[in-house]
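Worksheet: the structure to be examined is printed underneath.
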Number of protein chains: 2
Amino acid sequence: MATTEILTAERILVATEEVLRRHGPAKATVVDVARALGVSHGSVYRHFRTKAALREAVTKRWLDRTTQTLSAVVAQDHDPQARLREWLAALFTAKRRKAGGDPELFATYTVLAGESGEAVGEHIATLTGQLTEIVRSGVDSGVFAAADPAATALALFHATDRFHDPCHAREWERPGIEDEFEAVVDLVLRGLRAA
Amino acid sequence: MATTEILTAERILVATEEVLRRHGPAKATVVDVARALGVSHGSVYRHFRTKAALREAVTKRWLDRTTQTLSAVVAQDHDPQARLREWLAALFTAKRRKAGGDPELFATYTVLAGESGEAVGEHIATLTGQLTEIVRSGVDSGVFAAADPAATALALFHATDRFHDPCHAREWERPGIEDEFEAVVDLVLRGLRAA
DNA sequence: CAGCTGACAGATGTTGAAATCTGTCAGCTG
DNA sequence: CAGCTGACAGATTTCAACATCTGTCAGCTG
């Protein structure tokens, strides 16, 4: 049965996610995770050097699920303008759903972002990489003007911070936020179009 | 001498600012303020109904100093493009200087912003009002295209959130932030120009 | 002997009683 | 009598003793 299986990093991550969801980032302990798995907490430390490393690994898994959803948008064969718009909307929607539907895990992610953890930095790098790809394809097909697609992608990411940075999460439930999002996206897309 | 003068709201605000600077928002008490003024704390409550009202009045005074600095930029007779650029740069500079030079008062402002206090809402309304004025003058002179100057001004404000919202203050000291700011401003200014 | 356990030291968190603070108000004072 | 005081009730914060947690490691076990 399950509890006699070899203890793997994956099983620990699944259990940790569950413990975080139940207890929240402030009260979830390594001892709780070990108890949930029916092992001693020393065993958990065999797979993750520190509690911070465990927390970061859980966050990485969780962030990667968003990255994968968005990569599908990058691969679509709509024109770059539409893809960019859809990508930004998908990012906003994904973050908003996580903030609303998984508040405890989202709090963990927010804490980690505040500590400028490795996983969050990588996540942002991956996202801006996807954006760069869309911008570059727009430049190639002549609909976007951008001397440095990577720098422009970063500017796009920063200009839309309000709609994906966790420190703004409280505002994502306010009425009218959709219109604000559309207004900002319209503005930056106009700034991107070839003259 | 000073301590025998009539106790005015202004004197209380000055003393409160000093107490906040010294103790920070978490530890500054109304009793501290009264002690600094050599009066009983009951007297302070004669001028401000609650501690929250006092804190908000201090924040308002402090925010108004920024508003006044920026209104000078609005009144300049440069072309709208230059004025908009200067206004955004002046806002970023002002916020950054406050975050770095007055960390305790800035923390108070951040706390208040989180509680969505009246004063912060008014401050933001005033700022977007100034932005609207610049956008409108650009539309009038034909250099900007904007169907709804007020909505466009709000979009500009949101697109540059990263460079004035207190929740991003930690990032304002990072190297490269100037370039990120320039990139975002370039992007939105291009989005604003008349076709 | 690879994988796990459980006891341990030092760090961190919890708890509840004591101290301080907020906000009110009857009355003092110039 | 306008302006201030200081005592008070209830809410909040502090502090120190106690409990739990983190991270290590010598040794057990299959």
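Just so it is clear: chains get the letters A, B, ... in the order the sequence lines come, proteins before strands, and each one is counted from 1. Side chains are part of it too, since the values below use all heavy atoms of this structure and drop only hydrogens, waters and symmetry mates. Since this is a predicted model, take the numbers as computed values, not measurements.
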Closest contact, heavy atoms only, B:Arg136 versus B:Pro149: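 Smallest interatomic distance, heavy atoms only, reads NH1-CG, 4.2 Å.
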
If you take all heavy atoms of A:Val30 and A:His41, which pair is closest and at what distance?
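Heavy-atom minimum between the residues: CG1-CB, 4.2 Å.
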
Pairing nucleotide - [N], Watson-Crick or G-U, each distance under 3.5 Å:
N	result
D:dA17	C:dT14
D:dC25	C:dG6
C:dT20	D:dA11
D:dG30	C:dC1

To the nearest angstrom, how far is [X] atom [atom1] from [N] atom [atom2]?
X	N	atom1	atom2	answer
B:Tyr45	C:dT22	OH	P	5 Å
B:Ile6	D:dT5	CD1	C1'	15 Å
A:Leu7	C:dC4	CG	P	5 Å

(Q) Please compare A:Asp32 and A:Arg46 by the position of their nearest nucleotide in DNA chain D and report the one closer to 5'. (A)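 Taking each residue's closest nucleotide, the earlier one in sequence belongs to A:Asp32.
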
Parallel, tilted or perpendicular: which fits the ring planes of A:His168 and B:His168, with parallel below 30° and perpendicular above 60°?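 The rings of A:His168 and B:His168 sit tilted, inter-plane angle from 30° to 60°.
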
Can you identify which nucleotide, out of [options], has its nearest atom closest to the [X] side chain?
X	options	answer
B:Val31	C:dT22, C:dT5, D:dT22	C:dT22
B:Thr29	D:dT22, D:dT5, C:dC21	C:dC21
A:His47	C:dT22, C:dC4, D:dG23	C:dC4
A:Lys27	C:dG23, C:dT14, D:dT24	C:dT14

Next item on the list: Quick one: label B:Val30 by what it contacts on the DNA or RNA (base, sugar-phosphate, nothing), any heavy atom closer than 4.0 Å.
Entry: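 Result for B:Val30 = sugar-phosphate.
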
message = Categorize B:Ser40 for me: base, sugar-phosphate, or nothing, with a 4.0 angstrom heavy-atom threshold over every strand shown.
response =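 Base contact - B:Ser40 has a heavy atom under 4.0 Å of at least one base atom.
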
Nearest nucleotide by nearest heavy atom, which residue falls closer to the 5' end of DNA chain C, B:Arg49 or A:His41?
->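 Its nearest nucleotide being more 5', the pick is A:His41.
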
| message | Looking at A:Ser43, I'd like to know whether one of its side-chain N or O atoms comes within less than 4.0 Å of OP1 or OP2 on C:dT5. | response |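 Yes, A:Ser43 has a side-chain N/O under 4.0 Å of OP1/OP2 on C:dT5.
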
| request: Could you verify whether a donor N or O on one side chain and an acceptor N or O on the other, from B:Thr29 and B:Asp32, lie under 3.5 Å apart? | output: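 There is such a pair (donor and acceptor under 3.5 Å, judged by atom type) between the side chains of B:Thr29 and B:Asp32.
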
Self-check item: Test applied, side chain to side chain donor-acceptor pair (under 3.5 Å); reference residue, A:Tyr109; option that passes from A:Lys95, A:Lys98, A:Arg55
Solution: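 Exactly one option meets the side chain to side chain donor-acceptor pair (under 3.5 Å) with A:Tyr109, and it is A:Lys95.
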
